[in-house]
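The chain is numbered in sequence order, starting from 1. One-based numbering, in listed order, for ligands and for the atoms of each.
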Amino acid sequence: MNIQIYKSNQEAAVAAGEYINSYVRNNPKAVLGLATGSTPLPLYAKMVKACKNGLDYSGVTTFNLDEYVGLPIDQEQSYRAFMNKNLFSHLNIDINNTFVPDGMAQDLEAQCAEYEERIKAAGGIDIQVLGIGSNGHIGFNEPPAPFDSRTSVIDLTEQTISDNARFFESAADVPKRAISMGVGTILDARACILLSFGTGKAKALKGAIEESPDVMNPASALQNHPNITFYVDEASASYLTKQHKT
Ligand code: F6R
């Protein structure tokens, strides 16, 4: 595990942005796994800036981790709308090569299986970007999350619904289900980077890095990944022991 701690989320985003942008520079047909939420926004700003400065994203393919079930994509809270607004519309990427699970699909099980197949057909994910939930979830894999799970329909926990209520008018408007890549799907990526910012994530991050891997903290599965880098700000690192702070 590679743990990089920065003074601020902006500094962490610069480092994570350099990693992704240089990967794309050297691998113009990169396959990136992407996340939504507040955490990756400064990273996406670095990708957009690099593209505006000439980095070519036209050959890149992306797969998002998750999408709410039953939220039409023209609603701004849908993860498809979020990605279009915050990233895809600012890159010279081919929108047809950006994949987000279809939470409006008639047959959700078939949609999950098809998503796995699409990832396989693209040759697998080179770099998966992750945030972390305050309960340790990655994607929408809520605890307890088996480490070999595949893309599936997930019932969101009350904790996640209340964490995500800030994007909706009220907690009652947050969808109760989502499609998410499984923990096993995430672990198949050739590299993973997890961004964690703020004190609200400090406990979950400590569990992910310093406690024995446990399905009650899905992010702890990453301890078994051969190429995982944590980009963390000081607030999020506040519970880590010294050993991981140097
Ligand atoms: C979103 C996702 C989630 C978020 C996590 C943190 O696609 O997969 O696991 O990364 O809920 O969300 P924020 O960044 O909003 O704190």
Side-chain angles (χ1 to χ4, degrees), residues 8-10 12-13 16 32-45 62-69 71 73 76-88 98-103 112 115 119 125 127-143 145 147 149-168 171 174-187 189 192-205 207-208 216-222 228-233 235-237:
S8 66
N9 64 344
Q10 288 300 330
L32 302 178
L34 300 176
T36 57
S38 317
T39 307
L41 289 175
L43 164 64
Y44 294 160
T62 66
F63 288 92
N64 263 79
L65 284 165
D66 41 22
E67 176 62 282
Y68 289 116
V69 166
L71 200 61
I73 59 170
E76 60 175 350
Q77 295 96 343
S78 80
Y79 284 175
R80 163 54 78 180
F82 177 98
M83 292 307 299
N84 287 354
K85 177 176 171 210
N86 291 297
L87 187 64
F88 301 146
T98 67
F99 297 97
V100 180
D102 179 1
C112 294
Y115 204 65
I119 295 173
I125 291 172
I127 303 174
Q128 176 65 57
V129 176
L130 298 165
I132 182 170
S134 61
N135 60 2
H137 75 209
I138 49 176
F140 267 137
N141 295 288
E142 304 284 26
F147 289 176
S149 62
R150 309 305 304 185
T151 301
S152 63
V153 179
I154 305 271
D155 290 319
L156 301 180
T157 60
E158 285 308 316
Q159 171 80 62
T160 297
I161 289 170
S162 99
D163 284 350
N164 288 2
R166 68 190 193 280
F167 297 112
F168 293 81
V174 183
K176 305 281 180 288
R177 293 190 302 160
I179 293 180
S180 177
M181 282 188 204
V183 178
T185 319
I186 292 168
L187 293 178
C192 290
I193 66 171
L194 185 146
L195 279 56
S196 179
F197 303 145
T199 49
K201 308 294 177 66
K203 200 157 165 272
L205 187 73
M216 293 313 290
N217 184 328
S220 66
L222 295 165
I228 165 73
T229 304
F230 292 86
Y231 293 89
V232 175
D233 68 0
S236 232

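Looking at atom 5 (C) of ligand 1, its nearest protein heavy atom turns out to be H137 NE2, 3.4 Å. The closest protein non-hydrogen atom to atom 8 (O) of ligand 1 is D66 OD2, 2.9 Å. The shortest contact between atom 1 (C) of ligand 1 and any protein heavy atom is with T36 OG1, 3.1 Å.
Ligand-side atoms of ligand 1 in range of G37: 14 (O), 15 (O), range being under 4.0 angstrom from any heavy atom. Applying the 4.0 Å criterion to heavy atoms of K201 picks out, from ligand 1, the atoms 6 (C), 13 (P), 16 (O). Within the listing of ligand 1, atoms 8 (O) sit less than 4.0 angstrom from a heavy atom of L65. Atoms of ligand 1 lying under 4.0 Å from at least one heavy atom of T39, given by number and element, are 13 (P), 14 (O), 16 (O).
In this structure the side chain of S180 never reaches within 4.5 angstrom of the side chain of H137, judged on heavy atoms. Side-chain contact check for F63 versus I125: some heavy-atom pair is nearer than 4.5 Å. A 4.5 Å side-chain heavy-atom check between F82 and L41 finds at least one atom pair inside the cut-off. Contact of the D155 side chain with the E142 side chain is not registered, since no non-hydrogen atoms from C-beta on lie closer than 4.5 Å. Residues N135 and T160 form a side-chain contact, since some pair of their non-hydrogen atoms from C-beta on lies under 4.5 Å apart.
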Determine all donor-acceptor pairs shorter than 3.5 Å in which one atom belongs to a side chain in residues 196-205; sequence neighbours excluded.
unit_1 : atom_1 : unit_2 : atom_2 : d
S196   : OG     : S236   : OG     : 2.7
K201   : NZ     : I132   : O      : 3.0

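Every residue meeting the salt bridge (Lys or Arg N to Asp or Glu O under 4.0 Å) condition with R150, not counting sequence neighbours, appears here in chain and number order: E116, D188.
Checked against the 6.0 Å centroid criterion, the rings of Y68 and F168 qualify as a close aromatic pair.
Nearest-heavy-atom check against atom 9 (O) of ligand 1 across S180, G131, G139, P40 picks out G139.
Neither the backbone nor the side chain of E142 has any atom closer than 4.0 Å to an atom of ligand 1 (non-hydrogen atoms only). Only backbone heavy atoms of I132 (N, CA, C or O) come within less than 4.0 Å of ligand 1; its side chain stays farther off.
Residue R166 places a heavy atom less than 4.0 Å from ligand 1.
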